[in-house]
Amino acid sequence: MSSAPVPASRIARLILQDFRTYASLDLPVSRQLVALVGENGAGKTNVLEAISLFMPGRGLRRAELGDMARQGGPGSFAISLTLDAPYGEHRLGTGIEPQSEIGRSSRICRIDGTTASSPTAFAEFLRVVWLTPDLDALFRGPAGDRRRFLDRLVLAVDAEHGARVNALERALRSRNRVLEDNPDDRLWLDALEREVAELAIAVAAARRETVERLAALILETREEDSPFPFATMGLEGEIDTLIATLPAVDAEDRYRAILRDYRARDRAAGRTLVGPQASDLLVRHGPKDIPANTASTGEQKALLIGLVLAHAGLVASMSGIAPFVLLDEVAAHLDPRRRAGLFAALESLGGQVWMTGADPSLFTELEGRADMLQVSPGKIEALSTP
Ligand SMILES: Nc1ncnc2c1ncn2[C@@H]1O[C@H](COP(=O)(O)OP(=O)(O)OP(=O)(O)O)[C@@H](O)[C@H]1O
């Protein structure tokens, strides 16, 4: 096995209480690779989702927290990890209390028994990246999906990015509302546009920085015989052109002027037309730089895997800690050469990898190299091999 490029955290024990299919699960884990095998609906993705909740946001399904509490349970859930981290063992926990009648349930975060204010605090101990089947349509789907994907990439290297994106969305909603209800209130619009511009430039600059770093890393680590195609990436949008061509202060002034000039058009459209909310992530591949959306289904999958692997490498080099990698039903879609290439690449990343698949034979070559676990509704045990 290749040596880890940077220190890695491992989950040594995962405890789930009233989380989705699991009333009570206490799972010890020992290896870097973990394969979860089970029938459709057995509860494999639920485990990955539980781990993904240690990143800010709503996890890999983007579900409401209240929906994750086990049906028929008390209405609360708790997830706890014992983390074997490079600089000692830590216990991290998250979950919700039973939902109150008036409000939504609020998220609880704990680190070594002490309450943390938000999941952003977990970033000191772990980062998580993931690939799920719903990303298969990423390249041919709407630009909004690619922006969300990109924002998740940024979030893994910059824990504050999620808060910035949320603040920008709130500020844009306020501006759109004032344009609709009080279009002649120039002072109010000036103030809102100042706020929108500051946040928009910060969001667009953070995206650009991540895309540039990722593109450089992909170029640097490119291997001719890699089973995952080489990708080039870029951002397309008016605000991205401003950021690329002007110093940040000038880009902000210029963008504020655009907002002012576009008031009537934005009012007619019912939304703010220019800004990070209108950018797109462009991915191309192959020696001829072909747009990813025209690649074959299998090629798009391989391209995505290549991007996620490169991203995991970027997170490791920027945060100083190899991230956890969650791969939901990824191995099943690969031919044997690509699957072997994937497993080798994952081992060399160094971070713990949790993979799912319905067919145990997908992971046969990992026997002795991975924790092989059999998932059935509500429980997980060691997979017995014939
Ligand atoms: N809040 C909940 N309480 C109880 N069960 C739930 C809850 N939410 C989802 N489930 C159940 O979890 C199951 C789905 O689990 P999961 O998505 O982890 O399956 P999976 O093993 O990944 O399946 P597949 O191979 O089809 O992707 C479904 O049977 C669903 O009804």
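One is the number of the first residue; the rest follow in order along the sequence. Atoms within each ligand, like the ligands themselves, are counted from 1 in listed order.
For the pair G38 and ligand 1, the shortest N or O to N or O distance does not fall below 3.5 Å.
Here the protein heavy atom with the shortest distance to atom 13 (C) of ligand 1 is G41 O, 3.5 Å.
The CZ atom of R260 lies 13.0 Å from the CG atom of D266; values are rounded to the nearest 0.5 Å.
For atom 12 (O) of ligand 1, the candidate residues are N46, N40, T356, V37; the nearest heavy-atom contact is made by N46. Closest heavy-atom approach to atom 22 (O) of ligand 1 among the candidates D67, V47, T45: T45. Taking all heavy atoms of E329, E39, K44, R20 into account, the minimum distance to atom 4 (C) of ligand 1 is reached by R20.
Residue-ligand proximity, R61 to ligand 1, at heavy-atom distances under 4.0 Å covers atoms 16 (P), 17 (O), 18 (O).
Counting only heavy atoms from C-beta outward, the side chains of P323 and V128 never approach each other to under 4.5 Å.
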Requested in this report: Would you please test V283 and T232 for side chain to side chain contact (heavy atoms under 4.5 Å, CB included) and show each step?
Outcome: CA-CA 6 Å; V283 178; T232 54; over 6 Å; no
Report task. Go through the steps to decide whether T115 and R110 satisfy the test side chain to side chain donor-acceptor pair (under 3.5 Å), and finish with yes or no. Result -> CA-CA 4 Å; T115 301; R110 292 179 78 75; 2.8 Å; yes
Query raised in the report: Given the rule in the side chain to side chain contact (heavy atoms under 4.5 Å, CB included) test, do F343 and M355 qualify, once you have shown the distances and angles that lead to the verdict?
Result: CA-CA 10 Å; F343 294 152; M355 295 171 280; 3.6 Å; yes
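With a 4.0 Å heavy-atom cut-off, ligand 1 is reached by no atom of E49. Counting heavy atoms closer than 4.0 Å to ligand 1, residue A358 contributes nothing at all.
Within 4.0 Å of atom 31 (O) of ligand 1, not a single protein heavy atom is present.
Residue contact annotation: G43 has a non-hydrogen atom under 4.0 Å from ligand 1.
In this structure, R265 forms a cation-pi arrangement with Y262, its terminal cationic atom sitting closer than 6.0 Å to the ring centre and no more than 45° off the ring axis.
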